[in-house]
**Student:** 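Pasting a structure here, questions to come.
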2 protein chains.
Amino acid sequence: MPRRLPTVSDVAHAAGVSRQTVSNVLNSPGIVREATRARVAEAIAELGYRPHASARRLRTRRASTIAVRLDPFAGGISGAVLDRFLHALTERAEARGLTVMLYTATDADDEIRQFQRLVDGAVVDAFVLASTYYGDPRTEWLIERGQPFVTFGRPWGIADLADPLHFWVDVDGRAGVAEAVRRLEADGCRRVGFLGWPAGSGSGDERRAGWAEAVTAAGVDAASRAALTVESEESVGAARAATRRLLEQASDLDAVIAASDTLALGALIETRGSLRVVGFDNTPIAAAIGFSSIDQRVDEVASAALELLDLVGRSEADDPRSHRLIVPDVIMREPGLALGLVG
Amino acid sequence: MPRRLPTVSDVAHAAGVSRQTVSNVLNSPGIVREATRARVAEAIAELGYRPHASARRLRTRRASTIAVRLDPFAGGISGAVLDRFLHALTERAEARGLTVMLYTATDADDEIRQFQRLVDGAVVDAFVLASTYYGDPRTEWLIERGQPFVTFGRPWGIADLADPLHFWVDVDGRAGVAEAVRRLEADGCRRVGFLGWPAGSGSGDERRAGWAEAVTAAGVDAASRAALTVESEESVGAARAATRRLLEQASDLDAVIAASDTLALGALIETRGSLRVVGFDNTPIAAAIGFSSIDQRVDEVASAALELLDLVGRSEADDPRSHRLIVPDVIMREPGLALGLVG
DNA sequence: TTGTAAGCGTTATCAA
DNA sequence: TTGATAACGCTTACAA
């Protein structure tokens, strides 16, 4: 049976000081005399004392807890990104004395109901939203109530990107894809296509824009660009069909950049590895099969998200620190090895 | 700015009763008169009152929180299983008024340090360990200190499977694989091989045993069994090499059952889809590519884990309820479609 | 620099 | 059935 945990009083008694002195040693070590501090520290170590989290939270009115929604199994391969983000966030949060708690929700309304529950119960003091989309009602709800939050993903659409009330971190997919195009060109590729999602998703449109930007810079005209791009839903089957269309439109295709590893896998299977393919997210499947991919650097995103939370409420209007755009890594893997179907 | 949250006192005042009555309405509705209960309930709804989580935890000495380690080994394709398990657990925990919090650890010792931190700070009142192995020091530590926990995975090795102090849920991989063999045989397969992990991992050995059991029942002798099985590390590349060896040993191979989807993918790629392949874990990649796989039914595991936690400390010696073995689902997918390389 | 006193919001105990 | 009182363990005034 769990023994009774030591309290500040126990420590105070053992060290021969008062309770507050113990508290001071823990929270404002500066104002306590060195000799006393050492004696108290020793008693703390001796007893294995740790502040009771709930008592502290009650008193300080800070939960030191951030809530993250765990998506209902997004299907597709790319769920792994959120997984890695969550891991990074947990690690970084621990280092800052924060706890990460999870909740689930079936849709945005349900999620707002969860916000309500967690806020009213003083369970958390900030939210991390792992993806945002056009007209997202969740951020609006949080802003209206002055609830601290940060999003992984820009406030797409209406909202002002520099809105000082909306703290966000995002990955610069545009820059990442443009860089991937340049790398492929440096490797000798002349006709680089793009396999993207249907227009309308913020991040998807950005990724396509990065491709367009880079191939345009390389001298590809608008008509050729139209022939070099094609759209697909997020599934391997749809990606294979789209890849067939792309090959019809541009028979001299060298390489393809895809908006996700799922799409990249479809392209790879359809072409039996005869094409250079770059995916997005650098999921385990890209590593396992051995195709190139663009890594979102979720560690950086997680760190930035927590730094931003520190600033919430403290930043001035138009504070540039209220958001952060991270440049992804392009991970090139040896061509021809993918799927082992070539050579 | 977050307004001050209503407290029991506010509700009591609004309903014209004492604080205690409000508390009773919430925690022991039975002992309060219906009229009073209704009046209090109305006041609660009106004010949008919710008990302050930390205050309640302080007073009741229950954190109502379970801790789960988020593995750094999200790598490999199979990380997706823990992901799904975590989601299911979060969902079920919510329904029981429990919170799931995360922690990370680099190894078992580090994890034990985390146990210490979370226990001493009264942050959690139970742990869920998502995987176990031979000679696992973590469970020993927890048992010694009477800390409630449940493992997803049997206590492999030394420990008595029926040890009433070790609560566990696991998936019966042996039964699942045996069933998969029978399904393949029903489909006309005559020579079903097994692509497994090196001996020594509890779950891997069980899966191999299930295959051996079923093919033996179908009349395969020991010598043939030896030719039909091969070992591989958990990577696509190693699985491809192992599959080549398997084909040399047993050229008339019909189908292969793999210990994981990662291995299955390797077999599939190596044989370019010309073999029936069954994986394990039913990861998104199996669904995306379209090969058969054995599903661990993590929803059931999560439910069972929480039910078991209710029993911790309350069960008698040799209580059969202290563990639960769940039969997995065999998900057969249309043969030949996998990878689209056939037909 | 240290100690005293009060109170965070809840529930357990016990008396009315 | 309801209400007063007293903790739970901590920190933040303020006083010594």
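By convention in this document, chain letters (A, B, ...) are assigned in the order of the sequence lines, proteins followed by strands, and residues within each chain are numbered from 1.
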**Student:** For a quick check of understanding: with a heavy-atom distance under 4.0 Å over all strands, which category does A/Thr36 fall into, base, sugar-phosphate or nothing?
**Tutor:** sugar-phosphate
**Student:** Rounded to whole Å, please give me the gap between CG in A/Leu58 and C1' in D/dA7.
**Tutor:** 13 Å
**Student:** Of the nucleotides C/dG3, D/dT2, C/dC8, which one has an atom closest to the side chain of A/Arg61?
**Tutor:** C/dC8
**Student:** Between A/Glu42 and A/Arg39, does any NZ, NE, NH1 or NH2 come within less than 4.0 Å of an OD or OE carboxylate oxygen?
**Tutor:** no
**Student:** Indicate whether any N or O donor in one side chain lies under 3.5 Å from an N or O acceptor in the other, for A/Arg117 and A/Gln114.
**Tutor:** yes
**Student:** Measure from CZ on B/Arg4 to C1' on C/dG7 and round the result to the nearest Å.
**Tutor:** 13 Å
**Student:** What's the spacing between A/Phe149 CZ and A/Ile66 CD1 if we round to 0.5 Å?
**Tutor:** 14.0 Å
**Student:** Using a cut-off of strictly less than 4.0 Å, decide whether B/Thr21 has a side-chain nitrogen or oxygen near OP1 or OP2 of D/dG3.
**Tutor:** yes
**Student:** Flag the pair B/Trp168 / B/Leu129 as yes when at least one side-chain heavy-atom distance between them is below 4.5 Å, and no otherwise.
**Tutor:** no
**Student:** Set out, line by line, the N/O atom pairs under 3.5 Å between protein and nucleotides 10-13 of chain D.
**Tutor:**
unit_1, atom_1, unit_2, atom_2, d
D/dC10, OP1, A/Tyr49, OH, 2.5
D/dC10, OP1, A/His52, N, 3.2
D/dC10, OP2, A/Val8, N, 2.6
D/dT11, OP1, A/Asn27, ND2, 3.2
D/dT11, OP1, A/Arg56, NE, 2.7
D/dT11, OP1, A/Arg56, NH2, 2.8
D/dT11, OP2, A/Ser23, OG, 3.2
D/dT11, O2, A/Arg59, NH1, 2.6
D/dT11, O4, A/Gln20, NE2, 3.4
D/dT12, O4', A/Arg59, NH2, 3.4

**Student:** Tell me yes or no: between the side chains of A/Thr104 and B/His87, is some donor less than 3.5 Å from an acceptor?
**Tutor:** no
**Student:** Is any NZ, NE, NH1 or NH2 atom of the basic residue among A/Arg62 and A/Asp125 found under 4.0 Å from an Asp or Glu carboxylate oxygen of the other?
**Tutor:** no
